[in-house]
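Written below as structure tokens is the structure these notes are about.
We count ligands from 1, going down the list as the structure has it; atoms in each ligand are counted the same way.
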Amino acid sequence: MRGVQAALPAYAIEVGTEPLDRPMRNSVGGWAFLADGQEWPECFCGERMALFFQFDIPFQVEHFGGDHLLVFHCRAHNDAAEPQLSGGRLVPRYWDAPQPPYPRPFWRVLLQRHAVLPAAEAEPSVRAVPLMLQPFTDTPEAEGPGAGFFKVGGTPSWAQDPEYYTCACGADLVYVCQVPEGMEFAVHPGLPEQPYSVGADTYNLFLANEVYLLACPAHCDPAAVWPVNQN
Ligand SMILES: [Zn+2]
Ligand SMILES: [Zn+2]
């Protein structure tokens, strides 16, 4: 029997409207803050992945406070993520492992302490706007389910049954951030359309599924994050 736990720290993520003209750490699109020597992620198809959003995780969020979260996804590949398991854990180096029918994942999520340098050039497709984080009370109990909007911390809203995964390193992944179903990211005009996306001038993540980012609390690798997709 578990007692009633206090609500976990949670922050609603609000998307600004004023276009960014300089690097900001909390942004949709914009200048990716990467570690020294870290390359901008590329998809197996050769396309540079689009930076959908990035932000600094508030210090109050357990395990990940102070980390910088970046979510990249290929424009040309739009699909749902399917967990590949081995011996009850996600497969070794699951962030680079085959994602049938693809030879590698078509996304990259990074969660890292050392994200000090803004890329020289901004993300070219997704329109750059700021993100603002506002604390809110997600649920009175830590078990949830939590609110269904764009947020960090709190508890997942789970459109279907909860999903839990164990990292290849042996640590149980912990929920950190949620992207709501159908969330659209505005792109600059004249770009190639994303397959299966709703609007010609927007891209989405994982076929516009609701996305729950589960990350390794042991920080065994900056890419040790699994994107659960549900709808
Ligand atoms: Zn691709
Ligand atoms: Zn791990």
Review point. Taking the six-membered ring where the residue is Trp, are the ring centres of Tyr94 and Tyr165 under 6.0 Å apart?
Key: no
Point to revise | Between Ser86 and Gln84, a side-chain donor and acceptor under 3.5 Å | key: no
Review point. Looking at Asp201 and Arg127, does any basic side-chain N land under 4.0 Å from a carboxylate oxygen?
Key: no
Practice item. Give me the ring orientation class for Phe53 and Phe185: parallel if the planes are under 30° apart, tilted from 30 to 60°, perpendicular past 60°. Key: parallel
Study note, to complete from the structure: In this structure, CG of Asp67 is separated from CD1 of Ile57 (nearest 0.5 Å) by 5.5 Å
Exercise for review: Assert yes or no for the condition that the ring centre distance of Trp226 to Tyr212 is strictly below 6.0 Å.
Suggested key: no
Practice item. Give the total of protein N/O/S atoms at a distance below 2.8 Å from the Zn ion (ligand 1). Key: 4
Practice item. Would you please indicate yes or no on a ring centroid separation below 6.0 angstrom for Phe44 and Tyr102? Key: yes
Review point. Between His73 and Phe206, is the gap from one ring center to the other below 6.0 Å?
Key: yes
Point to revise | Number of protein N/O/S atoms that sit closer than 2.8 Å to the Zn ion (ligand 2) | key: 4
Review point. Say you draw a straight line from CG of Asn209 to CD of Gln230; how long is it, rounded to the nearest 0.5 Å?
Key: 8.5 Å
